[in-house]
Each structure stands twice: as C-alpha cells, then as structure tokens.
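All remarks here apply to the structure that follows.
Bear in mind that the values here come from a model prediction, so they are computed numbers and not experimental data.
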Amino acid sequence: MKNTDDIRIDNYVIARNPNYEYPELKKVFRVQQKDNKNISASLEGLGLYIDNDGFLKENIIKPHPIPIFPTNPYDIALINPIPLTNEVLSCCNFDDNQIKCISYTDGCVKIIDKYGELIEIQAKYLHQLQNSYQDRIGKSLNVDLSVKE
C-alpha cells in the first residue's frame, strides 16, 4: 500500500489474506512499526469481501473462534486502499448539522459547510478522506460499507 504513513485507527481498507480467495474489507484497529521501514496493521473483519466481478458480498462463512491461519498483524504489502468513488462516497454519513452539500470529482471532495464555506479535500482513497475529514471538521467520518439490498 502506498502512503502507509497516513493509515490510522478506524480507517477502512482492503486486505488480501493469502489463505482466502477474495479480498476482504476490514477496519484498522492498530498500527505497528516493525522496523525502520516496515509497517503492519492489525485489522478487524467486517464480514464483507469483494468477488471476482468487483461486487461487495457478505461473507456467509463464520470465522472460527480460534483462527487456523492467524493473519494479524497484516504486513502493509497485503493492505490496499479503497478507491474513492461516488458509490463509496454515498456510504459516508456526513454530519447533516455540519455539511450542506458534497461532491466528488477527479480526486477532490468538495464540501460546503453549514456556514457556506467551501472545503476541498484532495483524496483518491477512502482512508485519505476519513483522515482529512477528521483533521478539518474535528469529527470522525461515519462510514457504512454494509451490503445494500
């Protein structure tokens, strides 16, 4: 994963576990520095994966209480960012009391706050938006990546 320095707790990422066929959506709950260069992150499962067609699916296989193949912490090479799209942006629950309007084009999220001020956030990935939103607005961005029926 590029820009590993900006991974934070509560960021959503795609994990590629070599023991599973499909990449899974996970949430970071701890970031560890293994040495001067290598970073790893401990991830919690969301019960969601991405199939070969790129569709988000619910994982119907329940995890075993004792992992047969422990994967935490994940090496940073097995963690990928979630590309920011309008579909992903629609999963973000922006605070209606703080935000009037929001749009996304070409790596830039434009937000008009309750005072009519324009806030521009450069972000290509969901975790970058989460981090910038928290830094600028002062609140965590609520994200709901559950499968929509």
Side-chain angles (χ1 to χ4, degrees), residues 1-59 63 70-149:
M1 181 172 186
K2 295 180 181 179
N3 300 326
T4 56
D5 293 338
D6 61 356
I7 292 176
R8 297 182 189 171
I9 293 172
D10 291 335
N11 283 161
Y12 290 94
V13 295
I14 298 171
R16 299 193 176 275
N17 183 331
N19 302 310
Y20 299 117
E21 180 178 1
Y22 300 109
E24 298 175 279
L25 266 63
K26 302 221 177 221
K27 189 174 184 181
V28 177
F29 70 86
R30 185 172 179 194
V31 178
Q32 300 97 330
Q33 181 120 10
K34 292 176 8 183
D35 56 37
N36 291 339
K37 296 181 184 178
N38 296 324
I39 296 174
S40 63
S42 294
L43 309 175
E44 62 182 330
L46 302 175
L48 302 169
Y49 71 93
I50 302 169
D51 70 8
N52 287 331
D53 296 322
F55 294 110
L56 187 62
K57 304 275 185 162
E58 283 189 87
N59 190 352
T71 53
N72 270 330
Y74 278 76
D75 186 90
I76 208 68
L78 298 174
I79 300 172
N80 294 319
I82 298 172
L84 194 56
T85 62
N86 282 315
E87 184 179 54
V88 171
L89 196 60
S90 71
C91 296
C92 300
N93 300 315
F94 294 93
D95 185 349
D96 291 337
N97 295 326
Q98 299 291 322
I99 306 299
K100 279 185 166 179
C101 180
I102 186 159
S103 67
Y104 176 72
T105 331
D106 298 326
C108 183
V109 178
K110 294 181 180 180
I111 299 170
I112 298 177
D113 70 9
K114 67 180 181 181
Y115 303 110
E117 292 185 36
L118 176 66
I119 300 169
E120 292 186 344
I121 298 175
Q122 299 300 316
K124 291 183 180 179
Y125 303 109
L126 177 58
H127 76 278
Q128 293 172 328
L129 175 60
Q130 287 180 279
N131 296 345
S132 294
Y133 185 84
Q134 184 167 6
D135 292 346
R136 292 207 174 167
I137 305 298
K139 294 183 178 183
S140 295
L141 179 59
N142 184 8
V143 180
D144 179 9
L145 294 174
S146 60
V147 176
K148 311 280 191 270
E149 297 284 329

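Residues Tyr133 and Ile111 are in side-chain contact: their nearest non-hydrogen atoms beyond the backbone lie under 4.5 Å apart. Contact of the Val28 side chain with the Ile79 side chain is not registered, since no non-hydrogen atoms from C-beta on lie closer than 4.5 Å.
Remark: Asn86 engages Leu89, Tyr104 in a side-chain contact (heavy atoms from CB on, under 4.5 Å) (not counting sequence neighbours). Residues that satisfy the ring-ring contact (aromatic ring centres under 6.0 Å, His included) test with Phe29, not counting sequence neighbours, are absent from this structure. For Thr85, the side-chain contact (heavy atoms from CB on, under 4.5 Å) test picks out Glu87, Val88, with sequence neighbours left out.
Screening Leu46, Leu43, Val13 for a side-chain contact (heavy atoms from CB on, under 4.5 Å) with Leu25, the sole residue that qualifies is Leu46.
Nearest approach of Gln32 to Ala41, heavy atoms of both residues: OE1-CA, 3.4 Å. In this structure, Asn11 and Asp6 approach most closely via the heavy-atom pair OD1-O, 3.6 Å. Closest approach of Leu84 and Ala123 over heavy atoms only: CD2-O, 3.8 Å. Contact record, Leu126 with Tyr12: CD2-CB, 3.9 Å, taken as the closest heavy-atom pair. Across all non-hydrogen atoms, the minimal contact from Gly45 to Lys26 is CA-NZ, 3.9 Å.
Under the 4.0 Å criterion applied to side-chain N and carboxylate O atoms, Arg8 and Asp135 are assigned as salt-bridge partners.
For the residue pair Asp144/Asn93, the side-chain donor-acceptor check at 3.5 Å is not satisfied.
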From CA spacing to verdict: side chain to side chain contact (heavy atoms under 4.5 Å, CB included), Tyr125, Asn80: CA-CA 10 Å; Tyr125 303 109; Asn80 294 319; over 6 Å; no
- request: Starting from the C-alpha separation in whole Å, work towards a yes-or-no answer on side chain to side chain contact (heavy atoms under 4.5 Å, CB included) for Ile39 and Ile7.
  value: CA-CA 10 Å; Ile39 296 174; Ile7 292 176; over 6 Å; no
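Separating the CD1 atom in Ile112 from the CD1 atom in Ile99 is a distance of 10.0 Å, to the nearest 0.5 Å. Within the model, atoms CD1 of Ile50 and CZ of Arg16 stand 7.5 Å from one another, a figure rounded to the nearest 0.5 Å. Rounding to the nearest 0.5 Å places NZ of Lys110 at 6.0 Å from OG1 of Thr105. Here the straight-line distance linking atom CD1 of Ile14 with atom CD of Glu24 works out to 11.0 Å at 0.5 Å rounding. Here CG of Asp10 is found 4.5 Å from NZ of Lys27. Values are rounded to the nearest 0.5 Å. Atom CG of Leu129 sits about 11.5 Å away from atom CD of Gln134, to the nearest 0.5 Å.
Judged by distance alone, with hydrogens and angles left aside, the side-chain atoms of Glu117 form no donor-acceptor pair with the main-chain N or O of Asp113 at under 3.5 Å.
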